[in-house]
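First the structure, in the form of structure tokens, and then the observations on it.
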2 protein chains.
Amino acid sequence: MRYSHQRELILDAVKGVKTHPTADMVYDSLHAENPHLSLGTVYRNLALLAMSGEITPIYTGDNKVHYDGDTDPHCHFVCKGCSKIIDIFITPKIPDEVLHKEEFKVEEEKTIFYGRCRDCAV
Amino acid sequence: MRYSHQRELILDAVKGVKTHPTADMVYDSLHAENPHLSLGTVYRNLALLAMSGEITPIYTGDNKVHYDGDTDPHCHFVCKGCSKIIDIFITPKIPDEVLHKEEFKVEEEKTIFYGRCRDCAV
DNA sequence: AACAGTAATAGTAATCATTACTATTTAGCG
DNA sequence: CGCTAAATAGTAATGATTACTATTACTGTT
């Protein structure tokens, strides 16, 4: 993987923010300062950065991939009202019984809690 | 919610299977016997059934919503090689520290383990 | 510093899952 | 049976993501 200015921009955009932006949001945040940046480039580099472990994809069910610049293992909360994603800094522990299955080998765990945030309480 | 024959078909198709089918897969499995069933009807009813808690959506990151006919709380394993989904029958426990946050109220938890199945081992 | 080779980009078109729309059908109640 | 609203079929539209291609720009070599 060869250096590219755009990839650095994109990585910084995700790392520099505590929200969990989608490709579209990253593109919007960079486009004003970099009018020639292409949305396809954002998509491709987010995928590359996720593959190389520099950012983490989050699949919340809103039909868009979000990315987290904090790769330290932790969980997320997703509000069913406003779709906001909140970091929960507890380290999920993969149970031994799951690690020792014959059927498959677990490499990572993703845990999402769903509910309602204070603003969206029913 | 009024009874419909189509909804019953769709519910049975998801409940009657241990795979975790997408709307498309449900449609395919029913279309031969029910040539007038519409894909839109499948999508709408899967969403309705999920909302009423009769089936559970799973977001694995493959950009398609899968559904699980088993609503008993449990986890899933997703193979990074073949994308197969395997049930893991351990009941995830929502940690007290998460249940007692002021910021939000957790209603459910979804945990997915990622790795490689035996067939896709590297 | 020019050169070559090849990965990366920009810009646009295409794809794929899902949702929206509308005329028609049907559940279910009086 | 007949009414009314909910549900469906079939098709069109949307929205996120990927594919494609000509051009640009890293990086190792002379």
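Sequence lines set the chain letters: A, B, ... in the order given, protein chains first and strands last, and positions in each chain run from 1. Because the structure is a prediction, the values reported are computed rather than measured.
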> Linking Ile, Leu, Val, Met, Phe, Trp and Tyr by side-chain heavy atoms under 4.5 Å, what else ends up with B:Y3?
Replying inline: none
> Starting at CD of B:Q6 and ending at C1' of D:dA7, how long is that distance when rounded to a whole Å?
Replying inline: 8 Å
>> Restricting to side-chain hydrogen bond (donor to acceptor under 3.5 Å, both in side chains), what partner residues turn up for A:R7, sequence neighbours left out?
In response: A:N45
> Just how far, in rounded Å, is P of C:dT9 from CD of A:E8?
Replying inline: 12 Å
> Between the two end axes of the helix from C:dA1-D:dT30 to C:dG30-D:dC1, each built from 5 base pairs, what angle do you get to the nearest 10°?
Replying inline: 30°
Could you list the protein-to-nucleotides 2-4 of chain C atom pairs, N/O on both sides, closer than 3.5 Å?
none

>> Running the 4.5 Å side-chain criterion over Ile, Leu, Val, Met, Phe, Trp and Tyr, what cluster does A:M51 land in, apart from itself?
In response: A:M1, A:L48
> Rounding to a whole Å, what distance do you find between A:L48:CG and D:dT18:C1'?
Replying inline: 13 Å
> By side-chain hydrogen bond (donor to acceptor under 3.5 Å, both in side chains), which residues pair with B:H66, not counting sequence neighbours?
Replying inline: B:D62
>> Measuring only between side-chain heavy atoms, which start at C-beta, is A:Y59 closer than 4.5 Å to A:K110?
In response: yes
>> Checking side-chain polar atoms at under 3.5 Å, does B:T56 have a donor or acceptor matched by the opposite partner on B:T71?
In response: no
Would you mind writing out the side-chain donor-acceptor pairs for residues 96-107 of chain B within the sub-3.5 Å range, not counting sequence neighbours?
residue	atom	partner	partner atom	Å
B:H100	ND1	B:D96	O	3.2
B:E107	OE1	A:K80	NZ	3.1

Might you list the N or O atoms of the protein lying below 3.5 Å from N or O atoms in nucleotides 28-30 of chain C, with each pair's distance?
residue	atom	partner	partner atom	Å
C:dG28	OP1	B:Y3	N	3.0

>> What is the distance, to the nearest angstrom, from the CG atom on B:N63 to the P atom on D:dT14?
In response: 19 Å
> Under 4.5 Å between any side-chain heavy atoms of A:I112 and A:I58, yes or no?
Replying inline: yes
> Got a sec, which hydrophobics cluster with A:V122, joining ILVMFWY side chains under 4.5 Å apart, including via others?
Replying inline: none
> CG of A:L9 versus P of D:dC26: gap in Å, rounded?
Replying inline: 12 Å
>> If you take any heavy atom closer than 4.0 Å to DNA chain D, which residues from residues 19-46 of chain B end up in contact?
In response: B:H36, B:L37, B:S38, B:T41, B:R44, B:N45
> Hey, is the main chain of B:T22 close enough, under 3.5 Å, to the side chain of B:K64 for a donor-acceptor pair?
Replying inline: no
> Quick one: does B:L49's side chain get under 4.5 Å of B:V14's, heavy atoms only?
Replying inline: no
>> Just the rounded figure in Å: distance from C1' of C:dT18 to NZ of B:K64.
In response: 13 Å
Throw together a table of side-chain donor-acceptor distances under 3.5 angstrom for residues 25-34 of chain B, partners on residues two or more places apart or in other chains.
residue	atom	partner	partner atom	Å
B:Y27	OH	B:H31	NE2	3.2
B:S29	OG	B:V26	O	2.8
B:H31	NE2	B:P35	O	3.3
B:N34	ND2	B:L30	O	2.9

>> If you assign each of B:D62 and B:H5 to its closest nucleotide in DNA chain C, which residue comes earlier from the 5' end?
In response: B:D62
> Which pairs, with at least one residue in residues 81-91 of chain B and sequence neighbours excluded, count as a side chain to side chain donor-acceptor pair (under 3.5 Å)?
Replying inline: B:H20-B:D87, B:H74-B:D87, B:H76-B:D87
